[in-house]
There are 2 protein chains.
Amino acid sequence: MTYVLEILGDKWTFLIIRDMLFKGCCQYKQFIESDEGVATNILADRLKKLTQHGLITQCKDPENGRQKLYHLTEKGLDLIPSILHLVKWSGQYDPNTVLSNAIMQFLEGRFDEAVQIVRKEYLNNCHVH
Amino acid sequence: MTYVLEILGDKWTFLIIRDMLFKGCCQYKQFIESDEGVATNILADRLKKLTQHGLITQCKDPENGRQKLYHLTEKGLDLIPSILHLVKWSGQYDPNTVLSNAIMQFLEGRFDEAVQIVRKEYLNNCHVH
DNA sequence: TTAATTGCTTGTTAATTGCAAGTAATTAGT
DNA sequence: ACTAATTACTTGCAATTAACAAGCAATTAA
């Protein structure tokens, strides 16, 4: 449990993974624009640590040499259940949640299916694995 | 999702909840001794915030007036699935994990049951709900 | 009635974050 | 070919936060 906290015990780290999973972010620029205002030095630091811990990989974009592509590894993808449960919890208790009733019911009734969907969606869209 | 991070996006907050769930901590002193070295001002701050957010309650110990008892609310207990998934993830990837094979297999095969067990154990031991 | 115990608060120092600016490598436009 | 953008960073500094140490009020035990 200390292990998770070492890696994820930080707001931005969590947001980076969320943006990769749910918004398809895979570039530095996208994180800067999407994450609710990460400072660029913090983003660089967190991407580095996530890479060192084996949750994401970095590679040059073969189609544009000045861009890098960031992708979740299996280890990173295995956080989907935890994250989806936290999403569900937010939906239950956040008075300003944006989650629809339909999504909440799906998370309540067919959670494991939801995990698989998120995983497959990610893998289909990132064109790496 | 931003909602969870506002509340839990902090190492110590998470450890407090973990200690309540798995170590039966319900007193200030116990957190100081158990949490891997929280500073007392930080602990006071986090307990206050957890209370304000409705994840825990504080009450005077009826048997000892200088002590307070901290307990998880339903809202706090509803984090058990998220936390157990993180525990499971740690068990999978932390090379120094202390989780036994038996526990890991139980988490893999009968996760929902594990959630119920943790919940019931907590409620049985805290003598409040 | 003195000494512990418990749950804090208040400084002060050290570490971390956030912001602004700048840089190297690559690509696009003229 | 040359200039201007774009992308992924780094660096320096101010502001915020955390960690450490000490102290304090309320209650209880000796």
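Numbers restart at 1 for each chain; the letters A, B, ... are given by sequence-line order, proteins then strands.
For B:R66, the salt bridge (Lys or Arg N to Asp or Glu O under 4.0 Å) criterion is met by no residue, not counting sequence neighbours. For B:D61, the side-chain hydrogen bond (donor to acceptor under 3.5 Å, both in side chains) criterion is met by B:Q67, not counting sequence neighbours. With sequence neighbours excluded, the residues that form a side chain to side chain contact (heavy atoms under 4.5 Å, CB included) with B:D45 are B:K49. In this view, B:E63 satisfies the salt bridge (Lys or Arg N to Asp or Glu O under 4.0 Å) rule with no residue, not counting sequence neighbours. A:K60 pairs by the salt bridge (Lys or Arg N to Asp or Glu O under 4.0 Å) definition with nothing, not counting sequence neighbours. Remark: B:K75 engages no residue in a salt bridge (Lys or Arg N to Asp or Glu O under 4.0 Å) (not counting sequence neighbours).
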Query raised in the report: Dot-bracket, DNA chain D: Watson-Crick or G-U, under 3.5 angstrom, [ ] crossing, | other strand?
Result: ||||||||||||||||||||||||||||||

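The CG atom of A:L77 sits 9.5 Å away from atom CD1 of A:I83, with the distance rounded to the nearest 0.5 Å.
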Write down the protein N/O and nucleotide N/O pairs, taken from nucleotides 18-24 of chain D, whose separation is under 3.5 Å; answer none if there are no such pairs.
unit_1, atom_1, unit_2, atom_2, d
D:dA18, OP1, B:R46, NH2, 2.8
D:dA19, OP2, B:W12, NE1, 3.1
D:dA19, N7, B:N41, ND2, 3.4
D:dC20, N4, B:N41, ND2, 3.0

Give every pair of a protein N or O atom and an N or O atom of nucleotides 23-27 of chain C that lie under 3.5 Å apart, one pair per line with the distance.
unit_1, atom_1, unit_2, atom_2, d
C:dT27, OP1, A:G65, N, 2.6

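At a non-hydrogen distance threshold of 4.0 Å, B:Q27, B:Y28, B:K29 from residues 21-32 of chain B come into contact with DNA chain C.
Nearest heavy-atom pair across B:Y28 and B:L43 is O-CD2, 3.7 Å.
Among pairs with a residue in residues 81-98 of chain B, those fulfilling side-chain hydrogen bond (donor to acceptor under 3.5 Å, both in side chains) read A:D78-B:Y93, at least two apart in sequence or across chains.
Going from atom CG of A:L43 over to atom P of C:dT16 covers 18 Å, rounded to whole Å. Straight-line distance from the NZ atom of B:K68 to the P atom of D:dT28: 15 Å, rounded to whole Å.
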Counting only pairs under 3.5 Å, give me each side-chain donor-acceptor contact of residues 99-112 of chain A, with atom names and distances, residues two or more places apart or in other chains.
unit_1, atom_1, unit_2, atom_2, d
A:S100, OG, A:I103, N, 3.1
A:R110, NH1, A:E113, OE2, 3.3

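Salt-bridge formation is not detected for the pair A:K23/A:E36: no Lys NZ or Arg NE/NH1/NH2 atom is positioned less than 4.0 Å from an Asp or Glu carboxylate oxygen.
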